[in-house]
Every structure is written in C-alpha cells, then in structure tokens.
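What follows is one structure encoded as structure tokens, with my remarks underneath.
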Amino acid sequence: MGNVMLLSNKVDIILEKAMYEEELTSDEIKYLLLLSEKDDIAKMFRVARFLRYKYFKNKIFYYGFLYFSTFCRNNCNFCLYRKSNQIVQRYRKDKKEILEISEQLIASGVHLIDFTMGEDPYYLLNDENLEELMNLFKEIKTKFNIPLMVSPGVVSEKILDNFKIAGVNWYACYQETHNKKLYQKLRINQSFNERMEKKFYAKKIGLLIEEGILVGVGETVDDIINSFENMKILDADQVRVMSFIPQRNTPMENWISPQRIWELKIIAVMRLLFPDRLIPASLDVDGFSGLKDRLAAGANVITSIIPPRKGLKGVSNSELDIDDGKRSTDFITPFLMKHNLCPANKEEYEAWLLKRKRPGDF
Ligand SMILES: C[S@@+](CC[C@H](N)C(=O)[O-])C[C@H]1O[C@@H](n2cnc3c(N)ncnc32)[C@H](O)[C@@H]1O
Ligand SMILES: C[C@H](CCN)[C@@H](N)C(=O)O
Ligand code: SF4
C-alpha cells in the first residue's frame, strides 16, 4: 500500500523507472527537466547520485586543463577568444612550458590532461608545427604514461589519425546545440555536419569522445532532449553541459547568464540517461564555489584543474580562482572528503577507459 501511495506521484514513477535504468520517453525526460518544486528536484538529484554510486562508488576523477594556445581562426559569438576580439591578450605556450605545466599537473594527481586550443592556424595550417605538437604528446605519453584529451576544434581526419598514433585517448568537441538553426547563430560560418562527422570519425578510429552543450544561449527544452538523443547516437563516453558566461567585447556580452538550476537539472537528467558515463563538474563556470551543487546533481569528473601563476587562462570564467590556487587538487581533495567523496586512483580511471574500448581499437 505504502508503495502505491509513493508511486501515485508522477515524478516518483519516472524516477523509479530511471533508478531501474528503464528507458524514459521524451515526455518523461521533459517532465524531469521542467521540475520546479524544490523537493522534486532534490529527489531527482538523489536518484542521480544513487546511479553514480552504482557505477563509480564515491570516486571522482580529476582533469587537468591546459589551454596552450588561445589563438583562433573562428568567430563563435559566445567566446572570449573569437578571432575578432582584439582586446583579449592571447598566448601560445612553448614546448618547455607545456612540459613543465604537464609535469606539475601530473604530480598534483590529475587523472588526465586536457590539451585545449583555439583553432590556431599556427598548428592547423603548418605541418611542421603540428608535427612538433604530436611529438610533444608522444613525449608526455612516454614520460608520464598519463591519459590525454585533445580539444582542438574541428580538424582534418589526418590530424585525428595522428592524435591517435601519438597516444591521445580522447577527442573533445562540443556541438553546443544540436538545433542547426541555433548552432548557426552561435558557431557562425561553421559547418554543423562537419563538426558532428569529425566526432563519428574519431570514434571510428578508437578515440573516446566528449560531447557537450552550452545552455542559456536561446535553447528550448526540446533542444536539450534533441541533444540527449544525439549524444546517445554518438555513444559519447563523456557528456557535459555548461552555463553560458557572457564575455566582454563579444556579440553576446549583454546576455544574462542562465540560472544555475537549469544546468544542474540537465546534469542530473544526463546521469539518469547515461548512468555509466563521465559527466563533468567544470570549475570554469563558477569556480570552486560551484562544485558542491554540480557534484550533488550527479557529476563525477572535476574539470578545469589549473595550476596557479603560470599565466594560464580558463575558457568561460577565464581567471576565476586560478591564481589563488582554488582550482588545485590540494584545495579540492579535502572538500571532497568532507562530502563523503574521494579522488579515484590512477588505476581506477584507467580501468574505466579500458571498459570503453571497442573490439579492434588499438
Ligand atoms: C573554448 S573551446 C576550446 C576548444 C575548441 N576551440 C572548440 O571550440 O571546440 C571549448 C568550449 O568552451 C565552451 N565555451 C566557450 N565560451 C564559453 C562561454 N562564454 N561560456 C561557457 N562556455 C564557453 C564551449 O562549449 C566550447 O566548445
Ligand atoms: C571547457 C574546457 C574543456 C575543453 N575540453 C574547460 N575549461 C573545462 O571546463 O573543462
Ligand atoms: S569556442 Fe573554440 S572555435 Fe569558437 S572562438 Fe572559441 S576557441 Fe575558437
């Protein structure tokens, strides 16, 4: 009888299905995304944490972030580093600095380094420079045996092949939205299909894929559901959502950043739909203070760990918490412990990667 009472509530019925990993209909997903009662949202977060625990126990992964070139040939309307932004100070880290920062990140206990760049012609249009970059990745792999992610934007199949040969594990490339019209407003003059196709190609050659969406940029609830469907088709290994942070001197500088509950509900629904995948809590959106809520919503990777005082930038909140060391593992680990979570060890992260390997991958 008690059970029947409990399940007379629509949210409970849907969450019970999610808990048993039964497929949810689009209407049910929409219902969850639109929840507005505090208690209902809290229930959804509890189920998200239950599923995270089922697959990952209380272990959290750490990703170091190295934005090694902030030069870019594109003009995304939301991004500080868009080509037309003349007032932003850009940098391109040299080999020695990249090695030194990588070493520091690894010593601090990150499980992976995410090498990110703008679509920098220095690398993308010059074979010699590109080869040097590949050699650097090989060197880091051989020296430190650490999983690597690249976030280079849209690159040729040949470059993706070379990343794979250099030992890179992940290709991160976020579509931002899977609504083509909205995409054209955000990533102006960039092909929607090409960006998607590169991810399918990377998947085919055995790279793991991270897909992501940006919210607070004019999307609808149906757009989010559409993105979930696309993430499923792509069989993305890591899925993310980030709230848009308006950037000075860009076409979207006067937009208002969305209420964070929207991102948090999306994180939770992602956990329900992709229970065994990696879902980031990015320090880049709200810094250290935004971590607690994102972990409570079901995230299991802390991204954008950045060493202090190296002149490095983040992406969305490009300076927040960096130079006072609040994006370092030393600062984060005690916080995790206080909340009954803890960093995974290297073997646990690598075991997860192995599970995602497909037959034929090398
Ligand atoms: C800066 S890019 C770096 C990689 C590569 N240039 C690319 O565009 O794929 C990485 C991601 O940062 C996110 N991003 C950029 N500007 C942002 C902003 N203002 N607020 C939130 N996220 C942002 C976008 O999701 C973008 O895909
Ligand atoms: C958006 C960035 C990642 C690119 N692969 C990084 N600032 C992050 O928050 O993880
Ligand atoms: S999001 Fe990436 S591709 Fe777009 S302008 Fe920024 S750095 Fe360049």
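In listed order, ligands and their atoms are each counted from 1.
Contact annotation for Ser243 and ligand 1: only backbone heavy atoms (N, CA, C, O) come within less than 4.0 Å of the ligand. Residue contacts with ligand 1 for Arg195 involve side-chain atoms from C-beta outward but no N, CA, C or O (heavy atoms, distance under 4.0 Å). Proximity of Met117 to ligand 1, defined as any heavy-atom pair under 4.0 Å, is confined to the backbone N, CA, C and O atoms. Counting heavy atoms closer than 4.0 Å to ligand 2, residue Tyr174 contributes side-chain atoms (C-beta onward) but none from N, CA, C or O. Only the side chain of Arg187 comes within 4.0 Å of ligand 1, judged by heavy-atom distances. Looking at Arg187 against ligand 3, only its side chain comes within 4.0 Å, counting heavy atoms.
The aromatic rings of Tyr63 and Tyr349 stand perpendicular to each other, their planes meeting at an angle above 60°, with 30° marking the opposite boundary.
Under a 3.5 Å cut-off, the side chain of Trp352 and the backbone N or O of Asp276 do form a donor-acceptor pair. Between the side chain of Arg49 and the main chain of Ala296, a donor-acceptor pair closer than 3.5 Å is present. Using a distance-only test at 3.5 Å, with no hydrogens or angles considered, a donor-acceptor pair links the side chain of Asn77 to the main chain of Lys185.
Annotation: atom 6 (Fe) of ligand 3 to nearest protein heavy atom, Cys79 SG, 2.4 Å. For atom 11 (C) of ligand 1, the closest non-hydrogen atom on the protein side is Tyr174 CD1, 3.8 Å. From the protein, the heavy atom lying nearest to atom 13 (C) of ligand 1 is Met242 CE, 3.5 Å. For atom 20 (N) of ligand 1, the closest non-hydrogen atom on the protein side is Ile245 N, 3.1 Å. Given atom 15 (C) of ligand 1, the protein heavy atom at minimum distance is Val315 CG1, 3.3 Å. The nearest protein atom to atom 2 (C) of ligand 2, hydrogens excluded, is given as Phe65 CE1, 3.6 Å; this is a heavy-atom distance. Protein heavy atom closest to atom 22 (N) of ligand 1, with residue, atom name and distance, is Leu214 CD1, 3.3 Å.
Annotation: Ile87, atom CD1; neighbour count of heavy atoms from other residues, nucleotides and ligands within 6.0 Å is above 12.
Annotation for ligand 2: atoms under 4.0 Å from non-hydrogen atoms of Met242 are 1 (C). Within ligand 1, counting atoms from 1 as listed, the ones closer than 4.0 Å to a heavy atom of Ser316 are 18 (C), 20 (N), 21 (C), 22 (N). Under a 4.0 Å criterion applied to the non-hydrogen atoms of Arg240, ligand 2 contributes the atoms 1 (C), 3 (C), 8 (C), 9 (O), 10 (O). Per-residue contacts place Gly153 under 4.0 angstrom from the following atoms of ligand 1 (heavy atoms of the residue considered): 5 (C), 7 (C), 9 (O). Per-residue contacts place Gly118 under 4.0 angstrom from the following atoms of ligand 3 (heavy atoms of the residue considered): 7 (S). Which parts of ligand 2 touch Thr116 is read off a 4.0 Å heavy-atom cut-off, strictly below it: atoms 4 (C), 5 (N). Set against the non-hydrogen atoms of Gln247, the atoms of ligand 1 under 4.0 Å away are 18 (C), 19 (N). Within ligand 2, the atoms closer than 4.0 Å to a non-hydrogen atom of Ser151 are 4 (C), 5 (N), numbered from 1 in the order shown. For ligand 2 and Thr303, the ligand atoms under 4.0 Å from any heavy atom of the residue are 8 (C), 9 (O), 10 (O). Shown in contact with Ser282 at under 4.0 Å from a heavy atom are these atoms of ligand 2, numbered in order with element: 8 (C), 9 (O). The ligand atoms of ligand 2 that sit less than 4.0 angstrom from a heavy atom of Asp284 are 7 (N), 9 (O). The Asn74 neighbourhood of ligand 3 comprises atoms 3 (S), 5 (S), with distances under 4.0 Å to a heavy atom of that residue. Which parts of ligand 1 touch Thr116 is read off a 4.0 Å heavy-atom cut-off, strictly below it: atoms 3 (C), 4 (C). For ligand 3, the atoms closer than 4.0 angstrom to any heavy atom of Cys72 are 3 (S), 5 (S), 7 (S), 8 (Fe). Per-residue contacts place Tyr67 under 4.0 angstrom from the following atoms of ligand 3 (heavy atoms of the residue considered): 7 (S).
For atom 3 (C) of ligand 2, the nearest non-hydrogen atom from the set Ile306, Asp114, Ile302, Val285 belongs to Asp114. Compare Tyr67, Phe244, Phe115, Phe78 by their heavy atoms: the one nearest to atom 16 (N) of ligand 1 is in Phe78.
The distance between the ring centers of Phe163 and Tyr171 does not fall below 6.0 angstrom. Taking the six-membered ring where the residue is Trp, the centroids of Phe274 and Tyr55 are separated by 6.0 Å or more.
For Arg260 and Asp293, the salt-bridge test fails: no basic side-chain N is under 4.0 Å from an acidic carboxylate O. Using a cutoff of 4.0 Å between basic side-chain nitrogens and carboxylate oxygens, Lys54 and Glu21 are scored as salt-bridged. Electrostatic pairing of Glu348 and Lys57 does not count as a salt bridge here, judged by no charged N lying under 4.0 Å from a carboxylate O. Under a 4.0 Å N-O distance rule, the pair Arg277/Asp235 qualifies as a salt bridge. Ion pairing between a basic and an acidic side chain is recognised when a charged N comes within 4.0 Å of a carboxylate O; Arg356 and Asp237 show such pairing. With salt bridges taken as basic N to acidic carboxylate O contacts below 4.0 Å, none links Lys199 and Glu210.
Some N or O of Glu176 is nearer than 3.5 Å to an N or O of ligand 1, by distance alone. On a distance-only criterion, Gly118 and ligand 1 share no N/O pair closer than 3.5 Å.
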Ring pair (Phe, Tyr, Trp, His ring centres under 6.0 Å) assessment of Phe288 paired with Phe335: CA-CA 10 Å; Phe288 178 76; Phe335 166 84; 5.0 Å; yes
Stepwise ring pair (Phe, Tyr, Trp, His ring centres under 6.0 Å) test for Tyr67 and Tyr81: CA-CA 11 Å; Tyr67 203 177; Tyr81 302 102; 5.2 Å; yes
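Across every non-hydrogen atom of Val217 and Leu182, the tightest pair is O-CD1, 3.4 Å. Leu24 approaches Lys17 most closely through the heavy-atom pair CD2-CB, 3.8 Å. When all heavy atoms of Leu66 and Ile98 are compared, the closest pair comes out as CD1-O, 3.9 Å. Considering all non-hydrogen atoms of both residues, Asp286 and Arg294 come closest at OD2-NH2, 2.7 Å. Considering all non-hydrogen atoms of both residues, Lys95 and Leu136 come closest at CG-CD1, 3.6 Å.
The shortest heavy-atom distance from Ala172 to ligand 1 is not under 4.0 Å. Within the structure, the closest approach of Ser151 to ligand 1 falls below 4.0 Å when heavy atoms are considered. Residue contacts with ligand 3 do not include Gln190, since none of its heavy atoms lies under 4.0 Å from the ligand.
Under 2.8 Å from atom 8 (Fe) of ligand 3 lies no N/O/S atom of Cys76, from backbone or side chain alike.
Screening Leu32, Leu33, Ile14 against Met44 for a side-chain contact (heavy atoms from CB on, under 4.5 Å) leaves a single residue, Leu32.
Within 4.0 Å of atom 2 (S) of ligand 1, not a single protein heavy atom is present.
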